[in-house]
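Data block below; observations after.
Everything quoted here is computed from the prediction, not taken from an experiment.
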Amino acid sequence: MPSTNVEFVTELMEFSAHGALIQAFVMQALEQYAKRVAEADPAALDTPMVSGRAWHGCAVEVRDKLARRLGRDDPIPPATSLTQRR
């Protein structure tokens with residue numbers, strides 16, 4: 001039986017030929033992708049399977065949580081209002 005996404009990411013983060021460096025790589029990849037998607041117009045992200053607004057909301061959530069974890073100031077750009085994020 002295939003692993004779940006959570007199991008896959010956990011294995012990736014804990015067992016790498018590159019040791020703990022993989023964790024920095026995965027965190028940076030998350031940060032960069034979340035930032036890029038959060039800056040996009042939610043309507044441009046629409047697909048037949050996923051609402052662009054929901055995808056954008058996921059990106060904003062991940063971007064903001066990573067910013068707080070990494071001690072970054074103001075993770076929410078001024079153009080992004082709370083109503084857009086819901």
Side-chain angles (χ1 to χ4, degrees):
M1 174 170 269
S3 61
T4 66
N5 289 338
V6 171
E7 291 167 337
F8 175 78
V9 172
T10 298
E11 184 176 327
L12 181 65
M13 295 285 278
E14 292 181 352
F15 306 102
S16 169
H18 301 283
L21 183 60
I22 193 72
Q23 293 181 13
F25 182 91
V26 170
M27 296 298 283
Q28 185 174 15
L30 276 171
E31 184 178 31
Q32 288 179 9
Y33 184 69
K35 181 180 179 214
R36 188 171 34 154
V37 173
E39 291 171 350
D41 175 12
L45 302 170
D46 277 332
T47 70
M49 293 193 54
V50 178
S51 155
R53 188 173 175 174
W55 197 250
H56 182 266
C58 289
V60 170
E61 180 180 349
V62 170
R63 181 201 61 198
D64 292 354
K65 286 180 178 181
L66 281 169
R68 282 192 299 275
R69 179 170 180 83
L70 300 172
R72 304 246 168 83
D73 295 331
D74 194 19
I76 305 168
T80 305
S81 72
L82 290 174
T83 57
Q84 286 177 307
R85 296 186 328 153
R86 294 179 195 245

Would you give the length of the straight line joining atom [atom1] of [X] to atom [atom2] of [Y], rounded to the nearest 0.5 angstrom?
X     : Y     : atom1 : atom2 : result
Asp64 : Arg72 : CG    : CZ    : 12.5 Å
Glu39 : Arg63 : CD    : CZ    : 7.5 Å
Glu7  : Met1  : CD    : CE    : 10.0 Å

Of the non-hydrogen atoms in Ala38 and Ala59, which two are nearest, and what is the gap between them? N-CB, 3.6 Å
Considering all heavy atoms, the nearest Leu66-Met27 contact: CD2-CE, 3.3 Å
Less than 3.5 Å apart, which donor and acceptor atoms pair up between the side chains of residues 41-49 and the rest of the protein, not counting sequence neighbours?
{"residue": "Asp41", "atom": "OD1", "partner": "Ala43", "partner atom": "N", "Å": "3.3"}
{"residue": "Asp46", "atom": "OD1", "partner": "Gly52", "partner atom": "N", "Å": "2.5"}
{"residue": "Thr47", "atom": "OG1", "partner": "Met49", "partner atom": "N", "Å": "3.3"}
{"residue": "Thr47", "atom": "OG1", "partner": "Val50", "partner atom": "N", "Å": "2.9"}
{"residue": "Thr47", "atom": "OG1", "partner": "Val50", "partner atom": "O", "Å": "3.3"}

With Tyr33 via side-chain contact (heavy atoms from CB on, under 4.5 Å) - residues at least two apart: Arg36, Val37, Trp55
Can you give the donor-acceptor pairs under 3.5 Å from side chains of residues 12-24 to other protein atoms, not counting sequence neighbours?
{"residue": "Ser16", "atom": "OG", "partner": "His18", "partner atom": "N", "Å": "2.9"}
{"residue": "Gln23", "atom": "NE2", "partner": "Met13", "partner atom": "O", "Å": "3.0"}

Starting from the C-alpha separation in whole Å, work towards a yes-or-no answer on side chain to side chain contact (heavy atoms under 4.5 Å, CB included) for His56 and Arg53. CA-CA 5 Å; His56 182 266; Arg53 188 173 175 174; 5.7 Å; no
